[in-house]
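Every value quoted in this text rests on a predicted model; they were computed, and no experiment measured them. One is the number of the first residue; the rest follow in order along the sequence. Every heavy atom of this structure was used, including side-chain atoms; hydrogens, water molecules and symmetry mates were not. As the structure lists them, so they are numbered: ligands from 1, and atoms in each ligand from 1.
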Amino acid sequence: MDLQESAYTRSFRPDDEAFGWDGVEVLAYKEDGSAPFRAVTRQVLFEEAEHGCQLRYFEVSPGGHTTLERHQHVHAVLILRGRGTVLVGSEVREIGEHDLCSVPPLTWHQFRAADDAPLGFLCLVSSERDRPQLPSDEDLAALRADPVLARAIRT
Ligand code: MN
């Protein structure tokens, strides 16, 4: 373990409160609290402007879920820890450590942790991105017309 502070590296150092990295703040998943979600934290790992993208780590606690949303920007997701279920478009899949998930433009998506395990994942996004859209009552009704989606969706 390097005692000198590095300009280029940050050590992985989970503690009792968070799976995390030195000097990386554990943030609320969404700042404004306007969208429905349960038990999710966010850590921004890389956000240098030159990258044109951000790499974030999200962690959903057991039984929790991210917001059901869609947007023009895309996500590239790598599950780092735990397991759960992902809804993307018309698919619902079990997902676990080291699995990958792509979220295409304007595609409904939601990540849910198992009841007895967290779901921690890296998510790559463009620095410039549109605001997520939430489903209207009509959207929700249309999604729930599919019994597989109806069982998976958390609001
Ligand atoms: Mn999203």
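Neighbouring protein atoms of the Mn ion (ligand 1) (N, O or S, distance under 2.8 Å, waters ignored): Glu69 OE2, His71 NE2, His75 NE2, His109 NE2.
Contact annotation: the side chain of Pro118 approaches that of Pro62 to within less than 4.5 Å [non-hydrogen atoms, C-beta and beyond]. Side chains of Leu119 and Val86 form no contact here, defined as non-hydrogen atoms less than 4.5 Å apart.
Scored by the ring pair (Phe, Tyr, Trp, His ring centres under 6.0 Å) test, Trp21 finds Phe12, Phe19, Tyr57 as partners (sequence neighbours excluded). Shown here are the salt bridge (Lys or Arg N to Asp or Glu O under 4.0 Å) partners of Asp99, two or more places apart in sequence or in another chain: there are none.
More than 12 heavy atoms of other residues, nucleotides or ligands lie within 6.0 Å of CG in Asp116, so this atom counts as buried by the packing criterion.
The hydrophobic side chain of Leu106 is isolated, with no ILVMFWY side chain under 4.5 Å apart from it.
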